[in-house]
Novice: 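Mind looking over this structure? Questions follow.
Quick note: residue numbers are just sequence positions, from 1.
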Amino acid sequence: MTTKQVFRDAFTFGHKELTHWFPSHMARSLKKMQATMRKVDCVIEVHDARLPFAGRNPAFRDSFGVKPHLLILNKKDLAEMGKSNDIRQQLQEKEDIRNVMFTNCLQQNSPSAKKVIPSVLSIIEGSERFNRNEDLEFSIMIVGIPNVGKSSLINALRRMYIKKGKGAKVGRLPGVTRALMNRILVSEQPRVWLLDTPGITTPYIPNVEVGMKLAMMGTLQDHMVGMDMIADYILFTLNSMQKFDYVDVYSLSEPCDSIDSVLRDVAIKFGKTRKLRTYEGSRTEVLNLEAAAAIFVRDFRNGALGRISLD
């Protein structure tokens with residue numbers, strides 16, 4: 001779809017502060033993870049493929065960099081993959097990350113996820129620190145910021161390699177995994193254990209734009225930003241990128257730059273209303289724009305409004 005409509009060329013954040021968000025349980029978990037590193041053969045860092053550069057926690061590189069490292073850019077089914085080779089090259093040149101994979105862990109028997117264990121074993125055996133004389137168990141720590149699919153990856157590996165169900169709790173909200181868990185077996189030949197860890201956001205988000213991108217992905221808790229502002233920033237981003245799938249999804253007549261107008265149409269389409277008490281004491285029914293915003297944000301996050309890459 002093409003349009004000649006004029007959209008905003010800048011987003012007004014007001015006084016929103018998103019540069020420092022680091023709950024105390026994350027600091028405690030990071031220390032526990034650092035103390036466990038001596039027992040780990042390799043670190044898998046999982047991040048969102050829609051945001052391959054911004055928002056990654058530098059502590060994962062600084063604290064765990066002594067171990068063999070694999071960066072998995074998950075949710076590739078939601079990202080534009082046309083520049084995946086450029087992303088690999090930039091990660092190698094700018095951050096010296098040699099081992100990068102793109103995965104879709106929600107796909108049944110995902111071919112990309114099936115390559116994770118062989119890749120990890122190859123990385124470990126190719127490391128200068130690998131000096132085993134016999135076949136032993138392997139221990140892998142999986143790290144990442146919240147809501148990038150770490151638990152989905154663990155469950156996908158268990159499903160493919162040992163034909164068993166979930167080994168980690170999966171949720172749509174950040175913070176489902178709140179503490180270091182027991183080792184989870186994901187492969188029997190050879191025996192490979194994954195140590196699941198809670199999502200840990202970077203202590204200092206560099207600027208409000210990065211913070212809003214993380215909020216769009218569901219990495220920050222929605223109440224920290226406000227569902228209405230997240231929805232508005234998503235609309236601003238989609239229009240800026242000339243991505244107008246939302247017009248067809250919500251049966252709009254044309255692209256729109258007003259989030260209130262879009263949310264009213266969403267509320268009407270899904271029958272979202274709420275009771276409101278008038279000054280006279282009676283109750284009247286009005287459109288529930290908060291519920292409509294939640295639908296709009298949910299649809300963006302699950303890919304219903306089209307594939308997107310934010311970096």
Novice: Check the hydrophobic clustering (I, L, V, M, F, W, Y; side-chain heavy atoms under 4.5 Å; chains of links allowed) and say if Val46 and Met81 are grouped together.
Specialist: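 No, Val46 does not connect to Met81 through the hydrophobic network.
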
Novice: Would you say Phe60 and Ile200 make side-chain contact, with heavy atoms under 4.5 Å?
Specialist: yes

Novice: In Å, rounded to the nearest 0.5 Å, how long is the span from CZ of Arg50 to CG of Asp311?
Specialist: 12.0 Å

Novice: Holding to salt bridge (Lys or Arg N to Asp or Glu O under 4.0 Å), I want the full list of residues that pass it with Asp257, two or more places apart in sequence or in another chain.
Specialist: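 Checked Asp257 against salt bridge (Lys or Arg N to Asp or Glu O under 4.0 Å); matches are Arg8.
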
Novice: Give, for atom CD1 of Ile97 and atom NE2 of His69, the distance between the pair rounded to the nearest 0.5 Å.
Specialist: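 Taking CD1 in Ile97 and NE2 in His69, the distance rounds to 5.5 Å.
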
Novice: For Arg191, which residues count as a side-chain hydrogen bond (donor to acceptor under 3.5 Å, both in side chains) partner, sequence neighbours excluded?
Specialist: Glu137

Novice: Show, in sequence, the C-alpha distance, side-chain angles and deciding distance for Arg274 and Glu285, and conclude whether the side-chain contact (heavy atoms from CB on, under 4.5 Å) test is met.
Specialist: CA-CA 6 Å; Arg274 62 187 178 90; Glu285 194 171 75; over 6 Å; no

Novice: Should Ile308 and Ile87 be counted in the same cluster of Ile, Leu, Val, Met, Phe, Trp and Tyr side chains packed under 4.5 Å apart?
Specialist: no

Novice: Please state whether the rings of Phe244 and Tyr246 are parallel, tilted or perpendicular, taking 30° and 60° as the class boundaries.
Specialist: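 Ring orientation, 0 to 90° scale: perpendicular.
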
Novice: With rounding to the nearest 0.5 Å, note down the distance linking CG in Leu153 to CG in Asn104.
Specialist: 11.0 Å

Novice: Less than 4.5 Å apart, side chain to side chain, heavy atoms only: is that true for Met217 and Phe300?
Specialist: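 The answer is yes, as the side chains (C-beta and beyond) meet within the 4.5 Å cut-off.
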
Novice: Can you tell if the side chain of Asp232 reaches within under 4.5 Å of the side chain of Phe11, non-hydrogen atoms only?
Specialist: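 Yes, close enough: below the 4.5 Å cut-off.
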
Novice: For Glu93, check salt bridge (Lys or Arg N to Asp or Glu O under 4.0 Å) against everything at least two apart and list the hits.
Specialist: none

Novice: For Asn147 and Lys75, work out which heavy atoms get closest and say how close.
Specialist: O-NZ, 2.9 Å

Novice: Ser139 and Asp41: side-chain donor and acceptor closer than 3.5 Å?
Specialist: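 Ser139 vs Asp41: no donor-acceptor pair found between side chains.
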
Novice: According to a 4.5 Å side-chain heavy-atom criterion applied to Ile, Leu, Val, Met, Phe, Trp and Tyr, with indirect links allowed, do Val120 and Phe102 form part of one hydrophobic cluster?
Specialist: no

Novice: Go through the steps to decide whether Asp299 and Lys269 satisfy the test salt bridge (charged side-chain N to carboxylate O under 4.0 Å, His left out), and finish with yes or no.
Specialist: CA-CA 14 Å; Asp299 287 346; Lys269 181 178 180 64; over 6 Å; no

Novice: Quick check for you: to the nearest 0.5 Å, what is the distance between Leu70 atom CG and Ile72 atom CD1?
Specialist: 4.5 Å

Novice: In terms of hydrophobic clustering (I, L, V, M, F, W, Y; side-chain heavy atoms under 4.5 Å; direct or indirect links), are Met241 and Leu78 co-clustered?
Specialist: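 No: no chain of side-chain contacts under 4.5 Å links Met241 to Leu78.
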
Novice: Under the salt bridge (Lys or Arg N to Asp or Glu O under 4.0 Å) test, which residues partner Asp96, sequence neighbours left out?
Specialist: Arg98

Novice: Among Val192, Val43, Leu121, find the one that has a side-chain contact (heavy atoms from CB on, under 4.5 Å) with Ile140.
Specialist: Val192

Novice: Report the distance from atom OG of Ser187 to atom CE of Met160, rounding to the nearest 0.5 Å.
Specialist: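 Going from the OG atom of Ser187 to the CE atom of Met160 covers 10.5 Å.
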
Novice: Are any non-hydrogen side-chain atoms of Ile268 and Leu287 less than 4.5 angstrom apart?
Specialist: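 Answer yes - side chains close enough.
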
Novice: To the nearest 0.5 Å, tell me how far Asn207 CG sits from Met212 CE.
Specialist: 12.0 Å

Novice: Check whether any side-chain N or O of Ser119 sits under 3.5 Å from a backbone N or O of Lys115 as a donor-acceptor pair, and report yes or no.
Specialist: yes

Novice: Checking the side chain of Asn57 only, and the main-chain atoms of Ile145 only, is there a donor and an acceptor separated by less than 3.5 Å?
Specialist: no

Novice: Over all heavy atoms of both residues, which pair between Gly55 and Leu214 is shortest? Give the atoms and the distance, please.
Specialist: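 That closest heavy-atom pairing would be CA-CD2, 3.9 Å.
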
Novice: Parallel, tilted or perpendicular for Tyr250 and Phe296, by the 30°/60° rule?
Specialist: tilted

Novice: Looking at every non-hydrogen atom in both residues, tell me the closest pair between Val148 and Asp48 and how far apart they are.
Specialist: CG1-N, 3.7 Å

Novice: Quick check on the hydrophobic clustering: are Leu157 and Ile123 connected, directly or via other members, by side-chain heavy-atom contacts under 4.5 Å?
Specialist: yes

Novice: For the residue pair Leu194 and Arg183, establish whether any side-chain heavy-atom pair is separated by less than 4.5 Å.
Specialist: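 No; the side chains remain at least 4.5 Å from each other.
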
Novice: Show the numbers, then the answer: is there a side-chain contact (heavy atoms from CB on, under 4.5 Å) between Met101 and Val116?
Specialist: CA-CA 8 Å; Met101 290 184 63; Val116 170; 4.0 Å; yes

Novice: Less than 4.5 Å apart, any side-chain heavy atom of Ile44 and any of Val143?
Specialist: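 No - every pair of side-chain heavy atoms lies 4.5 Å or more apart.
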
Novice: According to salt bridge (Lys or Arg N to Asp or Glu O under 4.0 Å), who are the partners of Glu95, at least two apart in sequence or on a separate chain?
Specialist: Arg56, Arg61

Novice: Can you run down the salt bridge (charged side-chain N to carboxylate O under 4.0 Å, His left out) pairs that involve residues 238-247, sequence neighbours left out, and say none if there aren't any?
Specialist: Glu80-Lys243

Novice: What pair of heavy atoms forms the shortest contact from Thr201 to Pro146, and how long is it?
Specialist: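 Residues Thr201 and Pro146, closest heavy atoms: OG1-CD, 3.3 Å.
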
Novice: Check this for me: does any side-chain nitrogen of one of Asp222 and Arg301 sit under 4.0 Å from a carboxylate oxygen of the other?
Specialist: yes

Novice: Kindly give the heavy-atom pair with the smallest separation between Val225 and Ala215, and that separation in Å.
Specialist: CG2-CB, 3.7 Å

Novice: Is the shortest heavy-atom distance from the side chain of Met216 to the side chain of Leu310 under 4.5 Å?
Specialist: yes

Novice: Determine the minimum heavy-atom distance between Val262 and Cys256, stating which atoms define it.
Specialist: CG2-CB, 3.8 Å

Novice: Take Ser112 and Lys76 through the side-chain contact (heavy atoms from CB on, under 4.5 Å) test and state the conclusion after the steps.
Specialist: CA-CA 10 Å; Ser112 56; Lys76 72 173 187 176; 3.9 Å; yes

Novice: So, does Ser240 use its side chain to make a donor-acceptor pair with the main chain of Phe236 at under 3.5 Å?
Specialist: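 Yes; at least one donor-acceptor contact below 3.5 Å.
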
Novice: Has Lys272 got more than 12 heavy atoms of other residues, nucleotides or ligands less than 6.0 Å from its NZ?
Specialist: no

Novice: Taking the side chain as C-beta and beyond, is there a heavy-atom pair between Lys94 and Phe53 under 4.5 Å?
Specialist: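 With C-beta onward as the side chain, the pair stays apart.
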
